[in-house]
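No experiment lies behind these values; they were computed from the predicted model shown.
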Amino acid sequence: MMKNCKGSLRAKKLLDEIGFDEITDLPMKLFVSGLGATLVEEKLDNSDGKIVRGKSKTLIKVNSEIPYESKKRFTIAHEAGHFLMHDKIEVHNENSNTLNWFKNTENQLKKGLQEWEANDFASELLMPEQLFYAETKGKTFSPDLVKDLSERFKTSISSALIRCVNLDIHPLMIVYIHNGVVRNWDKSSSWRYRIKECTKIPPPYDSVALEYLNAGYDFIYSGAEKAQEISKSTWCELGRYDEDTDFFEYCIPTKQYKTIISVIWEK
């Protein structure tokens, strides 16, 4: 199934209209003002962001309690996508569900379509495709590369990682785990292995994801050890004559939301 690209196309058009290659160093308050809206940072209960349309003014709100500036930027960019593409939205709240890429695949025929588009818009706006390719050209995929990309574009590590998958920077499989259960997975277009049926169950017994789950979402590996060796058969089906070769698995746990994002690639 072809992915909906309305969001990324709108972001590219916007950057062209304002004459910017990127907005990495542009204050988000100034960016939102340039769109004709007003950015308000305040404490929001059970919400990361909100868009409120009035008769003459639109407010884009972001929760001041969000501890990471990179997440605030993505939330604001997501709301800006709603503002530019979804004019029928008058009041809308964002939380960990609406900002979650993985829930949107199964919900695209339902209300998740607009959330996918807003995420796609935010991703292209904050990590423009051409610049992202330029930053990764000739480089080997690794946790350090993902960290460098997140710092370069002032986004979260998970956002940079998902961008790597969507732009097919390297053959990658990515898994989303919530409350100890695999909820969904995605893969880059160049990934060539058959993935095991793993949704709606805990991660495999020999996976790095299960180690993080058992550790209560604490970080247990650092530095070069973030990429742990696993077997191909941990996440992939083996054919009759397939060799069980070495792969890598790298996990990003978030204790606050009880989530783990796990990325797998061939050694």
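The two atoms that bring M127 and S159 nearest to each other are CE-O, 3.7 Å, heavy atoms only. A pairwise comparison of heavy atoms in Y221 and V208 identifies CE1-CG1, 4.1 Å as the closest pair. Nearest approach of K43 to S64, heavy atoms of both residues: N-OG, 3.1 Å. Nearest approach of E117 to M85, heavy atoms of both residues: O-CE, 3.5 Å.
Contact check for I174 versus L161: side-chain heavy atoms found under the 4.5 Å cut-off. In this structure the side chain of W191 never reaches within 4.5 angstrom of the side chain of V165, judged on heavy atoms. Within the 4.5 Å cutoff, the side chain of T155 has no heavy atoms near those of the F74 side chain. Looking at I169 and Y133, their side chains come closer than 4.5 Å, going by heavy atoms from C-beta outward. Proximity of N63 to S47: side-chain heavy atoms (C-beta onward) are nowhere separated by under 4.5 Å. Between P203 and L213 there is a side-chain heavy-atom pair separated by less than 4.5 Å.
Annotation: ring pair (Phe, Tyr, Trp, His ring centres under 6.0 Å) contacts involving residues 29-63, sequence neighbours excluded, are absent.
Under the 4.5 Å side-chain heavy-atom criterion for Ile, Leu, Val, Met, Phe, Trp and Tyr, V181 and Y176 are members of distinct hydrophobic clusters. A single hydrophobic cluster is not seen to contain both V52 and L44; linkage of ILVMFWY side chains at heavy-atom distances under 4.5 Å, directly or through other members, places them apart. When hydrophobic clusters are built by joining Ile, Leu, Val, Met, Phe, Trp and Tyr residues whose side-chain heavy atoms come closer than 4.5 Å, directly or via intermediates, V182 is grouped together with I195. Follow the hydrophobic side-chain contacts under 4.5 Å out from L15 and you reach L30 in the same cluster. With hydrophobic clusters built from ILVMFWY side chains whose heavy atoms lie under 4.5 angstrom apart, I220 shares a cluster with V175.
Ion pairing of R152 with E135 is present here, as a side-chain N (NZ or NE/NH1/NH2) and a carboxylate O approach within less than 4.0 Å. Salt-bridge annotation for K71 and D48: present, with a side-chain N of the basic residue lying under 4.0 Å from a carboxylate O of the acidic one.
Not counting sequence neighbours, the partners of S8 by the side chain to side chain donor-acceptor pair (under 3.5 Å) test are D120. A search for side chain to side chain contact (heavy atoms under 4.5 Å, CB included) contacts involving V40 returns T38, E42, L59, K61, not counting sequence neighbours. Residues passing the side chain to side chain contact (heavy atoms under 4.5 Å, CB included) test with S190, sequence neighbours excluded: D168, P171, S188. In terms of the side chain to side chain donor-acceptor pair (under 3.5 Å) criterion, N179 has no residue partners (sequence neighbours excluded). In this structure S233 satisfies the side chain to side chain donor-acceptor pair (under 3.5 Å) test together with D244, sequence neighbours excluded. For K147, the side chain to side chain contact (heavy atoms under 4.5 Å, CB included) partners two or more places apart in sequence, or in a different chain, are E151. Contacts of F153 classified as ring-ring contact (aromatic ring centres under 6.0 Å, His included), with partners at least two apart in sequence or in another chain: F132. Not a single salt bridge (Lys or Arg N to Asp or Glu O under 4.0 Å) links K226 to another residue, sequence neighbours left out. K12 meets the side chain to side chain donor-acceptor pair (under 3.5 Å) test with E129; sequence neighbours excluded. Considering only residues two or more places apart in sequence or on other chains, E17 meets the side chain to side chain contact (heavy atoms under 4.5 Å, CB included) condition with R10, K13, L14.
Between the CD1 atom of I60 and the OG1 atom of T75 there is a distance of 11.5 Å, given to the nearest 0.5 Å. Rounding to the nearest 0.5 Å places CD1 of I177 at 11.5 Å from CG of N184. We find the OG-CG distance between S123 and L167 to be 7.0 Å, quoted to the nearest 0.5 Å. The CD1 atom of I252 lies 15.0 Å from the OH atom of Y217; values are rounded to the nearest 0.5 Å. To the nearest 0.5 Å, atoms OH (Y250) and CG (D144) are separated by 8.5 Å. Taken to the nearest 0.5 Å, the NZ atom of K187 stands 15.5 Å off from the CH2 atom of W235.
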Check against side-chain hydrogen bond (donor to acceptor under 3.5 Å, both in side chains), Q256 and T254: CA-CA 6 Å; Q256 179 183 0; T254 305; over 6 Å; no
Pair M173-D186, side-chain contact (heavy atoms from CB on, under 4.5 Å): steps then yes or no: CA-CA 6 Å; M173 171 189 174; D186 201 357; over 6 Å; no
Steps toward salt bridge (charged side-chain N to carboxylate O under 4.0 Å, His left out) verdict (D218, K255): CA-CA 7 Å; D218 286 330; K255 182 175 289 191; 2.5 Å; yes
Stepwise side-chain contact (heavy atoms from CB on, under 4.5 Å) check, I230 with S207: CA-CA 7 Å; I230 60 169; S207 66; 5.9 Å; no
Intermediate values then yes/no, side-chain contact (heavy atoms from CB on, under 4.5 Å), T140 and H170: CA-CA 8 Å; T140 302; H170 189 84; 5.9 Å; no
Audit row: H78, E115, side-chain contact (heavy atoms from CB on, under 4.5 Å) steps and yes/no: CA-CA 8 Å; H78 179 103; E115 302 310 330; 3.0 Å; yes
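With hydrogens and angles disregarded, no donor-acceptor distance shorter than 3.5 Å links the side chain of T199 to the backbone of R183. A distance-only check finds a donor-acceptor pair linking the side chain of S142 to the backbone of L145 [under 3.5 Å]. Side chain of R163 to backbone of L149: no donor-acceptor contact under 3.5 angstrom is found. Checked by atom type and distance alone, the side chain of R194 never pairs as donor or acceptor with a backbone atom of C236 at under 3.5 Å.
Side-chain contact of S231 with T234: a donor-acceptor pair under 3.5 Å is absent, judged by distance alone.
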Result block: side-chain N/O donor-acceptor pairs under 3.5 angstrom for residues 260-267, not counting sequence neighbours:
residue, atom, partner, partner atom, Å
S262, OG, E249, OE2, 2.6
E266, OE1, Y193, OH, 2.6
E266, OE2, Y193, OH, 3.0
K267, NZ, E229, OE2, 2.6

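Within 6.0 Å of the NZ atom in K72, the count of heavy atoms belonging to other residues, nucleotides or ligands exceeds 12.
Taking the six-membered ring for Trp and thresholds of 30 and 60 degrees, H82 and H86 have ring planes inclined between 30 and 60 degrees apart.
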